[in-house]
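Protein chains get the first letters and strands the later ones, always in sequence-line order, with residue 1 at the start of each. None of these values were measured; they are calculated from a predicted model.
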Amino acid sequence: MSRAEQTPPLVVPRRTQSARLENWSRAFYRFRQSWLSVIGLGIVVALIAAALLAPWIVPYPEHVVGGTNTAAKFQPPSASAWFGTNALGQDMFSLVLVGSRVSLFSGLAVVFIAVAVGTMVGAVAGYFGGWVDEVLMRLTDLLLTIPSLILAMAVAAALGTGVWNMIIAISITWWPAYARLVRGEVIVKKEEQFVVAAHALGASWMRILGRHILPNIVSPIVVKVSLDTGFAILTVASLGFVGIGVKPPTPEWGTLLSEARRYMPDYWWTAVAPGSAIFLAVLAFNLLGDGLRDVLDPRARR
Amino acid sequence: MALLDIKNLNLAMTSYEGETHILHGIDLTIERGEIWGMVGETGSGKSLTGLSVSRLIPSPPGRYLAGSIEFRGKDLLRVTDKEMRVLRGRHIGMIFQDPTTNLNPAFRIGTQLVDVALHAGRADPSVLGLAAGASRGDLRRAAQRVAVEMLEKVGISKAATRINDYPHQFSGGMRQRVLIAMAMIGKPDLLIADEPTTALDVSVQAQILRLIHDLVEERNIGVLLITHNLGVVAQICSHVAVMYRGRILEAGPVGDVLKRPGHSYTRALLNAVPTAYTKRGELKGLNGLMPETAA
Amino acid sequence: MTLEIQNVTKIFPGPRRGFFDRGEGFTALENVSLSVQKGASFGLVGESGSGKTTLTRCILGLETLSAGSILFDGADIHKLTPLQMRRLRSRLQIVFQDPYASLDPRMTIHDIVAEPLVIHGDLVRLDARQRSERVLELLLQVGLTSAHLFRYPHEFSGGQRQRIGIARALAVRPEFLILDEPTSALDVSVQADVLNLLHRLQKELGLTYLFISHDLGVIRYICDDVAVIYRGRLIEQGPVANIFDNPQSDYTRMLLDAMPDPDPDRSPFRKAAAR
């Protein structure tokens, strides 16, 4: 009857990747159902590729490091300068292209730091509850009550300008949102039966949190990361716009936009180029986030 | 003319794996006064049959390959969405398994009942005991009255005050009664109950079954009761259809099918239920009994 | 004697009112006493809200007691050191009601079944290969195959998942299994297979069962002794045959009457019609 008697010595088959692969292809199948999110993914991939390859594909590398060509200032968009040139005769396309490096990198770094700190704080608060929860959550509430852009400006002003100072300044205002999200998810998952099962097996809290709870709340975090990355890029640009971001001559979208402000509306292209870049990045990450939400929502799992 | 006449219903569903043929030619006729039990295991297609009658299968992913579902002579697969909405509120009542998720926790029980009553009343004022062309005020007052009446009817005491409660103040059995009240407000001719007692305790299950039984006696409606519990079927159904992998294997009066099952699968299902007289080791599972390509 | 529950009372604190005050508590268990003998299968019957889930959580040490004690082999489980508690957990395992919720959706079957072996690694002392072999041995024991090893829970049917849950519970060779409604989420046909599997495993491995269910047919089929619990109190207990054939309390009688019998001739409605 039982198969155990028919099977001679146990032969453990090798771990295959097929099940995992199939999960991925299933996920992609659901993702493809929405063409908007596919476009979002496409733009995100294109933006990141452009940022990575920028030093090699930039048409006027000398403009990026501060070189000027005043003879060709305020050229409208043309075949030689796709986005026109600015007051110093620099090629806007080159500036926007290289500027994407700072903008995308800072945006992603902000979200990464916020996720790391927020997840840790939220997971501990949600799992242990009680006074640990009270203390950590009051701290996050405190940070949430301060308008994030103003706090970031204050911190950035105190730390001085520079990419990393700006990233740290924004991250300080961003992690509380993740702490809240993760805490809520952890509290829900804590009551799930497979977590109770792990308790009953005698698993330690580190194991329960790390092996059972956190892997199961990755979905909402990933969705929020994707939606947030767009806004992080926007915040980075805002700080650049008000002059607390990256120092020129390093091109950055917000700074470029800020400079262009003076020449509006006659030389509109100097503003439209970095503006559209910001718009495109924010839109793409949002579309991607919406698509991911559909894919990762466990209620839609089938 | 039969109340409900399902003929050669064929349904396919599209998923990641592609299109799968799910229902293979379902034939079923329900007359007034009959309680049809539809039994089968998970994935046998019994719920999809019920949802098809209420036309609640979205398309895509669902697609009907062939067949018809005639309700009082009208093919439900071919009526417009608007007609279907009227039919659903007025002539076809539905109860689902989980009474918790089918009530909105943010609204009072009364509000939700009155909404349903108003919807039915707008389509046909006679449901609320009004003549055609009744004013909105009349409708609202009548809806309020009918909501309380129905709640009393399904056995909720002090209905006039409990109508102001929120769903969480009701127990699981009471919530299921509310859903039955909701389904019965339009005075439907056909009631579709999909596992109405599965989430409930046995003592509450007995009460709900009695309620459905009495409603049939009193109003002479037809019922399609979808369940995996043969005990429930034996208790209140007049007829039973045994489903397996999208096909009806056997159908007929309960006394015939359950007492003298014609199909080995039905027999196996009956043997799988532990009763007061089953000896340890006598219970038989269905492993390997039905081949994958069972007809 | 394996498990002894002595006068256990559990009162959940009421909702907070103001800063210091609390509302009236909810008594989930009131003076519950029962004992499960080694090698027996003991049934606990109750409907929702009867306190049977609270009792299992108390036995597992997931809840503190308001009064009374729970002894496992003579040792009070609420007075154990953390290390002793871990040792106890390896001897006392649980199979949950809902096979869809009790398996971590992001782990393979191999990892799920191997988890107790990893957690109690200091006790079972298996290397990774031996662990995999033990996992396979367990899967075969519960009627699954090596092909299932590296798949994910969502790829399995309810019955198969419950088998996985049973394999996980058996991994560290426990003596005592709490079966919390292990078949109530399953189809009858699958339920029969799982019940027979549990019966076979009990004989083969000499297990002791505490079988919790609201289905009297299932309890009667698998258990030797039974206790009926209602609103946190034990109504009656004794050998299955006694309780079922000669119930002493109205509540037990009502439960027996309400149990739907698949014989149409026994339907209360038809009886009424025939009269």
Side-chain angles (χ1 to χ4, degrees), chain A residues 1-27 130 134 188-219 221-222 296-302, chain C residues 56-57 60-62 82 85-90 92-108 110-112 115-116 118-120 129 131-137 139-147 149-155 165 168-169 171-172 178 180 197 200:
Chain A
M1 278 301 283
S2 91
R3 293 181 183 93
E5 287 145 30
Q6 301 163 6
T7 318
L10 297 172
V11 183
V12 179
R14 287 229 313 232
R15 191 179 289 254
T16 55
Q17 288 297 310
S18 67
R20 192 162 300 208
L21 251 173
E22 198 190 302
N23 277 352
W24 277 102
S25 80
R26 259 171 203 280
E134 288 291 327
V188 171
K189 286 283 180 259
K190 208 168 69 170
E191 299 302 320
E192 290 256 358
Q193 227 174 37
F194 62 81
V195 174
V196 177
H199 266 296
L201 291 174
S204 65
W205 71 268
M206 289 282 277
R207 186 179 180 84
I208 290 175
L209 207 49
R211 283 280 285 171
H212 295 288
I213 297 183
L214 289 181
N216 279 290
I217 62 169
V218 164
S219 308
I221 298 179
V222 166
L296 296 172
D297 188 348
R299 275 161 296 189
R301 195 158 290 254
R302 194 84 270 264
Chain C
T56 52
R57 288 181 64 95
L60 290 169
L62 300 175
M85 192 68 205
R86 255 165 43 77
R87 290 282 181 272
L88 173 75
R89 292 233 157 98
S90 72
L92 178 92
Q93 291 285 321
I94 178 167
V95 176
F96 289 91
Q97 169 177 10
D98 184 350
Y100 294 89
S102 60
L103 305 178
D104 189 332
R106 302 221 174 226
M107 286 168 80
T108 62
H110 173 276
D111 292 352
I112 288 171
E115 183 161 38
V118 176
I119 292 171
H120 298 286
R129 235 196 71 183
R131 264 206 303 270
S132 295
E133 282 173 4
R134 172 78 180 130
V135 168
L136 182 54
E137 187 188 2
L139 288 189
L140 297 173
Q141 204 165 24
V142 299
L144 297 169
T145 71
S146 60
L149 215 44
F150 298 112
R151 307 202 140 264
Y152 287 86
H154 70 90
E155 299 173 66
R168 172 174 64 182
V172 284
I178 298 175
D180 185 2
L197 169 69
R200 196 191 85 213

S.K.: Could you tell me which portion of C:Met107 (side chain, backbone, both or neither) has an atom closer than 4.5 angstrom to a non-hydrogen atom of chain A?
M.R.: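 Only the side chain of C:Met107 comes within 4.5 Å of chain A.
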S.K.: Would you mind checking which part of A:Val196 comes under 4.5 Å of any heavy atom in chain C, side chain (CB onward), backbone (N, CA, C, O), both or neither?
M.R.: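 Interface part for A:Val196: both.
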S.K.: Which one wins on heavy-atom pair count under 4.5 Å against chain A: C:Ile178, C:Ile94, C:Leu139, C:Leu103?
M.R.: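 Winner by heavy-atom pair count: C:Leu103.
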S.K.: Donor-acceptor pair, distance only, cut-off 3.5 Å: does the side chain of A:His199 make one with the backbone of C:Gly61?
M.R.: no
S.K.: Which heavy-atom pair separates A:Phe194 from C:Asp104 by the least distance, and what is that distance?
M.R.: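 That closest heavy-atom pairing would be CB-N, 3.6 Å.
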S.K.: Look up atom CZ in C:Arg106 and atom CG in A:Leu214, then write down how far apart they are to the nearest 0.5 Å.
M.R.: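 C:Arg106 CZ to A:Leu214 CG: 11.5 Å, rounded to 0.5 Å.
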S.K.: How far apart are the closest heavy atoms of C:Asp98 and A:Gln193, and which atoms are they?
M.R.: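 Minimum heavy-atom separation between C:Asp98 and A:Gln193: O-OE1, 3.4 Å.
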S.K.: Which answer fits C:Gln93, side chain, backbone, both or neither, if we ask what part of it has an atom under 4.5 Å from a heavy atom of chain A?
M.R.: side chain
S.K.: So, for C:Ile119 and A:Gly202, which heavy atoms are closest and what is the spacing to 0.1 Å?
M.R.: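 Minimum heavy-atom separation between C:Ile119 and A:Gly202: CG2-O, 3.3 Å.
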S.K.: So what's closer than 4.5 Å to chain A heavy atoms on C:Leu60: side chain, backbone, both or neither?
M.R.: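 Contact with chain A is through the side chain of C:Leu60 alone.
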S.K.: Is chain A contacted by the side chain of C:Val118, its backbone, both, or neither, given a heavy-atom distance below 4.5 Å?
M.R.: side chain
S.K.: Closest approach of A:Ala197 and C:Arg168, non-hydrogen atoms and distance?
M.R.: CB-NH2, 3.5 Å
